[in-house]
Asker: 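Here it is, the structure, as structure tokens.
We count ligands from 1, going down the list as the structure has it; atoms in each ligand are counted the same way.
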Amino acid sequence: MSAMKEKVTPHLRSLIQDGNEAITSQFLASTADSEGKSIFTTDDPLQEEEHTAVKGLVHKYGNRVLWKVSYRCAAHCRFCTRLRQIGTADGDLGLEDIDRGIDYISEHSEINEVILSGGDPFFTPNETEKIFDRLIEIPSVSVIRIGTRMPVHLPSAFSKNFLSGLLGKIGSVAFQRPIYVLIHVNHVDEVTKEVRSVIEQLRRLGVILLSQTVFLKGVNDSERNLKNLFETLYRLGMVPYYIFRCDYVSGLERFVCDIRDERRIMTNLRRELSGLAVPTYVVDVPGRGKIPVPLEFWSGVDLSGCMDFDGQRVLI
Ligand SMILES: *Cc1c(COP(=O)(O)O)cnc(C)c1O
Ligand code: SF4
């Protein structure tokens with residue numbers, strides 16, 4: 001298994017230099033990264049490799065596919081579920097790979113949604129643009145989603161030539177067909193003034209903005225922290241979509257929180273926040289998919305009774 005290299009942008013570096021612990025813990029390597037390593041034994045609990053139809057394309061749920069545009073990101077998050085891949089050239093797609101992906105999607109008319117992911121689709125705008133151009137020509141694809149953390153990693157890129165072609169293209173179709181942009185944000189301190197202007201810019205483009213968050217020990221695992229984050233995002237015009245339990249990937253042990261604390265926090269937030277500002281709390285159960293965790297509003301709910309979408313019992 002390859003160790004993911006440390007990589008931060010100048011924007012993140014300045015937050016780290018200001019002594020921001022939430023940012024430091026997410027981006028700088030720690031001795032704890034390897035200390036806990038024997039606890040989780042797999043580097044691909046989501047079994048993405050098994051569900052890879054053609055290079056880069058993960059087809060796990062019937063009507064939608066996840067397309068990894070590359071394994072490259074502007075910065076490397078230490079808790080990345082794709083620790084095994086990020087920062088390598090292995091995920092780079094050639095023109096034939098893009099052709100194969102497009103053919104697969106065209107031939108499977110049950111696929112009506114494509115989620116561009118990675119790596120970060122905004123970090124490799126040329127490849128993403130090529131894919132985007134082809135996708136909008138496929139009649140059976142009615143929704144395009146883009147998962148990104150670039151606004152948080154490298155907000156300056158959004159006002160540069162680097163992204164103007166791709167953003168222009170997105171803007172030109174966004175009012176005919178919905179483009180959902182999911183921004184990965186974990187802590188309110190990530191929402192700097194530069195990041196706020198990217199959010200404004202994306203809203204003006206006409207995309208629909210959602211957020212995704214991962215529960216991270218010592219970073220955001222408190223009610224106050226997450227309340228602050230979700231309220232802030234909601235007020236900026238983003239709908240918090242998911243909060244994930246950190247995946248059991250070897251090397252991520254230091255980030256995994258107690259599931260009882262997570263449930264309690266999400267239950268309290270459900271009481272306190274606008275319904276629209278509360279993301280769905282899910283655990284990506286190895287090999288099964290994203291299963292929502294029940295909150296504490298019902299008596300007699302037993303976590304050992306978790307079932308997947310096929311009604312099979314699973315252990316979490
Ligand atoms: C997360 C994910 C999706 C999207 O799932 P939603 O619940 O619709 O957000 C699709 N495919 C794969 C492989 C995923 O991991
Ligand atoms: S941006 Fe996403 S894919 Fe890239 S390192 Fe961070 S969590 Fe992983």
Asker: Heavy atoms only: which of Tyr61, Tyr242, Trp67, Tyr180 lies closest to atom 7 (O) of ligand 1?
Answerer: Tyr242
Asker: Number the atoms of ligand 1 from 1 as they appear, then name those within less than 4.0 Å of a heavy atom of Arg145, with their elements.
Answerer: 4 (C), 6 (P), 8 (O), 9 (O)
Asker: Under 3.5 Å, is there a donor-acceptor pair linking the side chains of Asp92 and Ser70?
Answerer: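 Side chains of Asp92 and Ser70: no pair found under 3.5 Å.
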Asker: List ligand 2 atoms under 4.0 Å from His153, heavy atoms only on the residue side.
Answerer: 1 (S)
Asker: Does the shortest distance from atom 4 (Fe) of ligand 2 to an N/O/S atom of Cys73 fall below 2.8 Å?
Answerer: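 For Cys73, the answer is yes, given that an N, O or S atom comes within less than 2.8 Å of atom 4 (Fe) of ligand 2.
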Asker: Who gets closest to atom 13 (C) of ligand 1 by heavy atom: Thr52, Val58, Ile115?
Answerer: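 Of the listed residues, Val58 has the closest heavy atom.
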Asker: Atom 1 (C) of ligand 1: which protein heavy atom is closest, and how many Å away?
Answerer: Lys290 NZ, 1.4 Å
Asker: Is there a side-chain contact between Ile131 and Val114 (heavy atoms, below 4.5 Å)?
Answerer: no
Asker: On a heavy-atom basis, which atom in Arg177 and which in Ile138 lie closest, and how many Å separate them?
Answerer: NH1-O, 4.3 Å
Asker: What is the closest protein heavy atom to atom 2 (Fe) of ligand 2, and at what distance does it sit?
Answerer: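 Nearest protein contact, heavy atoms only, for atom 2 (Fe) of ligand 2 is His184 ND1, 4.3 Å.
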Asker: Which of parallel (below 30°), tilted (30 to 60°) and perpendicular (above 60°) describes Tyr248 and Phe40?
Answerer: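 Rings of Tyr248 and Phe40: parallel, as their planes differ by under 30°.
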Asker: Between Arg196 and Glu200 (salt bridge meaning N to carboxylate O under 4.0 Å), is one present in this structure?
Answerer: no
Asker: Got the closest protein heavy atom to atom 5 (S) of ligand 2, with its distance?
Answerer: Cys77 N, 3.4 Å
Asker: Of all the atoms in ligand 1, which lie at a distance below 4.0 Å from a heavy atom belonging to Tyr241?
Answerer: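 Listed by number with element, the hits are 6 (P), 7 (O), 8 (O), 9 (O).
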Asker: Is it the side chain (CB and beyond), the backbone, both or neither of Arg82 that lies under 4.0 Å from ligand 2, heavy atoms counted?
Answerer: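 Under 4.0 Å from ligand 2, Arg82 contributes no heavy atoms.
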Asker: Return the closest protein heavy atom for atom 8 (Fe) of ligand 2 as residue, atom name and distance.
Answerer: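 Ranked first by proximity to atom 8 (Fe) of ligand 2 is Cys80 SG, 2.3 Å.
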Asker: Do Cys73 and Arg149 touch side chain to side chain, with heavy atoms closer than 4.5 Å?
Answerer: no
Asker: Of all the atoms in ligand 2, which lie at a distance below 4.0 Å from a heavy atom belonging to Arg149?
Answerer: 1 (S)
Asker: Of all the atoms in ligand 1, which lie at a distance below 4.0 Å from a heavy atom belonging to Arg64?
Answerer: 4 (C), 5 (O), 6 (P), 7 (O), 8 (O)
Asker: Quick one, Glu231 and Arg235 - any side-chain contact, counting heavy atoms below 4.5 Å?
Answerer: yes
Asker: I'd like to know whether Phe158 forms a ring pair (Phe, Tyr, Trp, His ring centres under 6.0 Å) with His11, so could you lay out the CA-CA distance, the side-chain angles of the two residues, the decisive distance to 0.1 Å, and finally the verdict.
Answerer: CA-CA 13 Å; Phe158 286 79; His11 177 74; over 10 Å; no
Asker: Do Phe255 and Val214 have side chains that get closer than 4.5 Å, going by heavy atoms?
Answerer: no
